[in-house]
Every structure is written in structure tokens, then in C-alpha cells.
Visitor: 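One structure, pasted below without further comment.
FYI, the numbering just counts along the sequence from 1. Keep in mind the model is a prediction, meaning the values are calculated, not measured.
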Amino acid sequence: MGKTNERRGGGKLLSTELHAALRANDEARRAAVKAGAVEPDFVPVAKFFSPVGAATWLATELGEDGDTLFGLADLGFGCPELGSFSLSELASVRLPFGLGIERDLGFASEVPLSGWTAAARRAGSIITAEQNFRRAARGDELPKPKG
């Protein structure tokens with residue numbers, strides 16, 4: 001079984017490199033706002049998930065407090081939302097079988113957060129949106145929208 005949880009080996013959900021990348025995005029967004037420029041549409045830097053459910057989070061920024069993440073949150077109810085969420089709260093979640101929220105160590109994306117948001121809302125979940133992105137990258141036909 002492959003290592004999928006940063007906590008199993010490193011004791012935390014964010015590596016030093018991801019922490020730095022998320023902070024850099026937050027600083028770049030703040031600088032753009034201060035300069036009156038258009039806010040950047042960052043590519044998600046980290047993906048967190050519940051290993052026993054559909055809850056998934058994509059993070060693009062980490063606030064100055066070192067705890068407030070910004071990105072796309074999907075608790076598995078069919079309505080992914082943009083907003084802020086707490087790194088410490090994700091890390092404190094205790095799930096059945098002694099599990100916790102994990103970080104997808106293999107996650108990489110070239111799609112900006114606006115693209116993820118639109119695709120996840122259309123599909124009803126981040127998980128389905130990710131599957132659709134993979135299908136599209138392979139050239140497979142995407143499933144037809146419901147309704």
C-alpha cells in the first residue's frame with residue numbers, strides 16, 4: 001500500500017515546500033489587491049481528502065496566520081464551494097479506524113482554481129471533476145451532464 005498521508009511519515013499535512021508555495025500565492029494575491037490589479041487565478045497547490053468519504057479540499061493559498069487555507073471545499077453533498085478552511089481543523093479530524101484527513105501526495109494540476117470550481121460545480125463534486133479532467137486529458141469522451 002502506497003504512502004498517501006503526509007502525517008504517517010512526517011507528522012503534518014503540509015510539507016515545508018507546500019507551505020512556502022501556499023504562502024507565496026497569498027502574498028501575490030495581497031500584492032495584486034494592493035496594486036489594484038486583477039487577483040491571480042492560482043492553480044491548486046494541495047489536495048486533501050477523507051479516506052472514508054467524499055470530502056475533498058483543494059488549496060491555493062495559506063494566510064499569514066499559518067492556518068487559514070483558501071480554495072475549493074467539497075464535503076460530499078453535491079455543492080462544492082469556494083472559501084476558507086482551517087488547516088488545524090483538517091489535521092484534527094478523527095475518522096473511523098484511526099484515520100484522519102490525508103493529503104494526496106500525487107496531486108498535480110495545471111487547471112486554475114476557477115476551472116476546478118466550474119467543473120466541480122457542474123459535476124457535483126471535486127472527485128468527479130478530477131475524473132473528467134483525466135478523461136479529457138486521455139481524449140476520452142466526457143459523460144453527458146445530468147438533466
Visitor: Keeping to residues at least two apart or across chains, list the salt bridge (charged side-chain N to carboxylate O under 4.0 Å, His left out) pairs with something in residues 41-58.
Guide: Lys47-Asp104, Lys47-Glu130
Visitor: Between the main-chain N or O of Leu58 and the side-chain N or O of Thr60, is there a donor-acceptor pair closer than 3.5 Å?
Guide: no
Visitor: Verify the cluster assignment for Leu82 and Ile127: are they in a single hydrophobic cluster under the rule of side-chain heavy atoms below 4.5 Å apart?
Guide: no
Visitor: State plainly whether one hydrophobic cluster holds both Val33 and Leu22, where clusters connect Ile, Leu, Val, Met, Phe, Trp and Tyr through side-chain heavy atoms under 4.5 angstrom apart.
Guide: no
Visitor: Who passes side-chain hydrogen bond (donor to acceptor under 3.5 Å, both in side chains) against Ser125, sequence neighbours left out?
Guide: Thr128
Visitor: Sequence neighbours left out, what passes side-chain hydrogen bond (donor to acceptor under 3.5 Å, both in side chains) with Ser86? Give chain and number order.
Guide: Asp67, Ser88
Visitor: According to a 4.5 Å side-chain heavy-atom criterion applied to Ile, Leu, Val, Met, Phe, Trp and Tyr, with indirect links allowed, do Leu95 and Phe85 form part of one hydrophobic cluster?
Guide: yes
Visitor: Set out, in order, the CA-CA distance, both residues' side-chain angles and the distance that settles side-chain contact (heavy atoms from CB on, under 4.5 Å) for Arg135 and Gln131, then state yes or no.
Guide: CA-CA 6 Å; Arg135 283 186 187 111; Gln131 292 167 344; 4.3 Å; yes
Visitor: List for me each residue that meets side chain to side chain contact (heavy atoms under 4.5 Å, CB included) alongside Asn25, sequence neighbours excluded, and say none if there are none.
Guide: Phe42, Val45, Glu61
Visitor: Side chain to side chain contact (heavy atoms under 4.5 Å, CB included) with Glu81: which residues, sequence neighbours excluded?
Guide: Cys79, Arg121
Visitor: Can you give me the closest heavy-atom contact between Ala32 and Pro40, atom names plus distance?
Guide: CB-CD, 3.9 Å
Visitor: Do Trp57 and Leu87 touch side chain to side chain, with heavy atoms closer than 4.5 Å?
Guide: no
Visitor: Do Leu72 and Asp74 make a side-chain contact, defined as non-hydrogen atoms from C-beta onward lying under 4.5 Å apart?
Guide: no
Visitor: Test of understanding: with side-chain hydrogen bond (donor to acceptor under 3.5 Å, both in side chains), list the residues that count as partners of Ser50, not counting sequence neighbours.
Guide: none
Visitor: List in chain and number order the residues that pass side-chain hydrogen bond (donor to acceptor under 3.5 Å, both in side chains) with Arg23, two or more places apart in sequence or in another chain; answer none if no residue qualifies.
Guide: Asp26, Glu27
Visitor: Rounded to the nearest 0.5 Å, what separates atom NE2 in His19 from atom NZ in Lys12?
Guide: 8.5 Å
Visitor: Please identify each residue that fulfils salt bridge (charged side-chain N to carboxylate O under 4.0 Å, His left out) with Glu110, with sequence neighbours left out.
Guide: none
Visitor: So which heavy atom on Ala46 is nearest to which on Phe107, and how close?
Guide: C-CD2, 4.2 Å
Visitor: Run the side chain to side chain contact (heavy atoms under 4.5 Å, CB included) test against Glu17 and tell me which residues pass, sequence neighbours left out.
Guide: Ser15
Visitor: Which heavy-atom pair separates Phe48 from Ala59 by the least distance, and what is that distance?
Guide: CE1-CB, 4.1 Å
Visitor: The criterion is side chain to side chain contact (heavy atoms under 4.5 Å, CB included); which residues satisfy it with Val43, sequence neighbours excluded?
Guide: Ser109
Visitor: Please check: side-chain N/O of Arg103 versus main-chain N/O of Leu13, any donor-acceptor pairing under 3.5 Å?
Guide: yes
